[in-house]
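Whatever order the structure lists ligands and atoms in, that order sets their numbers, starting from 1. What you see is a predicted model, and the numbers here were worked out from it, not measured in a lab. Excluded from the calculations below are hydrogen atoms, water molecules and symmetry mates; all remaining heavy atoms, backbone and side chain alike, are included.
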Amino acid sequence: MIPAPFTYRRAASVDHAIELAAGAGEDAKFLAGGHSLMPLMKLRLAVPDTLVDIGRIGELSHISEHDGQVAIGAMTTHDEIARSGVLAASVPLLAQVAGRIGDPQVRHCGTIGGSLAHADPAADLPAVMLALDATLVARGPAGTREIGAADFFLGLFETVLAPAELLTEIRIPKPASAAWSFQKFSKRGIDWAIVGVAVQGGNVGLVNMGSTPLRASVTEQALASGASPEAAAAHAAEGTSPADDLNAPRAYREHLARVLVRRALDEAGTRA
Ligand code: FAD
């Protein structure tokens with residue numbers, strides 16, 4: 001339960017963070033809220049030789065809206081997102097999901113950038129980013145690039161981010177549709193989802209139905225063809241590959257996906 005020794009560096013700016021991480025080599029890691037990284041380090045499942053603390057970089061904490069899109073700094077905490085008036089008005093799906101992550105301690109420390117970069121398929125925000133068609137902005141030694149959420153997640157705890165590449169901002173187009181819903185099935189309120197569903201308009205994101213967050217694309221196609229919520233939800237598990245583990249067998253997760261997508265589509269329909 002004690003992490004292996006590491007070097008701690010505190011970054012004063014985005015450029016400084018990239019410089020420190022690039023100088024430390026491939027075994028450096030950024031430290032955001034620490035709520036995923038520190039437990040892994042204590043279990044020695046992560047053994048970085050350098051931690052670059054990005055927690056005091058003010059330019060990474062912000063929420064603003066302009067030109068039809070909402071921009072959120074990567075170090076913005078779940079609690080700040082849950083309490084944001086801008087998000088409550090423009091992207092209520094995101095505000096509601098953030099307010100249900102973990103418990104108050106997790107929400108005050110955990111960050112949107114940390115959650116996305118960690119790429120846990122059981123995390124809520126990655127699937128929400130898919131449903132919202134978000135763009136992720138990353139800056140590294142090779143410059144700045146914009147990555148569509150659909151292209152960001154490669155596999156279990158794996159993203160397209162290169163070593164020393166820092167996620168700086170998340171950009172969300174203001175949804176055209178008022179129809180949204182988030183449904184999450186977990187054993188206790190603070191737990192990760194056994195299965196979760198995020199609906200925004202005709203987009204349906206799935207939590208924990210594969211090694212990456214997924215879109216329920218067959219359901220989306222059925223909706224686009226005019227199928228009822230009930231008929232579209234019946235396809236929710238198609239094209240998924242959920243885990244079969246101690247929390248739930250695969251068939252149960254597939255069943256949950258169908259039930260939760262139906263509930264989400266019904267609730268979204270009441271808001272449209
Ligand atoms: P850290 O732990 O600091 O970092 C995580 C990883 O991302 C590290 O590899 C780090 O190097 C990298 N990283 C961090 N920021 C950046 C960046 N800007 N650019 C590039 N790489 C970066 N999550 C849910 O979705 N739903 C839940 O219900 C939920 N429940 C939880 C309950 C508990 C008890 C705990 C401890 C956590 C829970 N979480 C849950 C996870 C929580 O949301 C974490 O805060 C989040 O996964 C990681 O965010 P962080 O800021 O703590 O990142």
*What's the shortest distance from atom 9 (O) of ligand 1 to any protein heavy atom, and which residue and atom give it?*
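Of every protein heavy atom, Lys29 NZ, 3.4 Å lies nearest to atom 9 (O) of ligand 1.
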*Charged N to carboxylate O under 4.0 angstrom, Glu254 versus Arg250?*
yes
Between [X] and ligand 1, which residue portion shows a heavy-atom distance shorter than 4.0 Å: side chain, backbone, both, or neither?
X: Leu161; result: side chain
X: Val106; result: side chain
X: Met75; result: neither

Return a yes/no value for [X]: is any of its N or O atoms, backbone included, closer than 3.5 angstrom to an N or O of ligand 1?
X: Ala123; value: no
X: Glu165; value: no
X: Gly102; value: yes
X: Gly34; value: yes

Does at least one non-hydrogen atom of [X] fall below 4.0 angstrom from an atom of ligand 1?
X: Met38; result: no
X: Ile54; result: yes
X: Thr168; result: no
X: Lys184; result: yes

*Under 4.0 Å from any heavy atom of Asp124, which atoms of ligand 1 are there?*
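Numbered from 1, ligand 1 contributes 24 (C), 25 (O), 26 (N), 27 (C), 28 (O).
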Do [X] and [Y] get their side chains close enough for a donor-acceptor pair, meaning under 3.5 Å?
X: Thr219; Y: Gln221; value: no
X: Glu238; Y: His235; value: yes
X: Glu65; Y: Ser90; value: yes

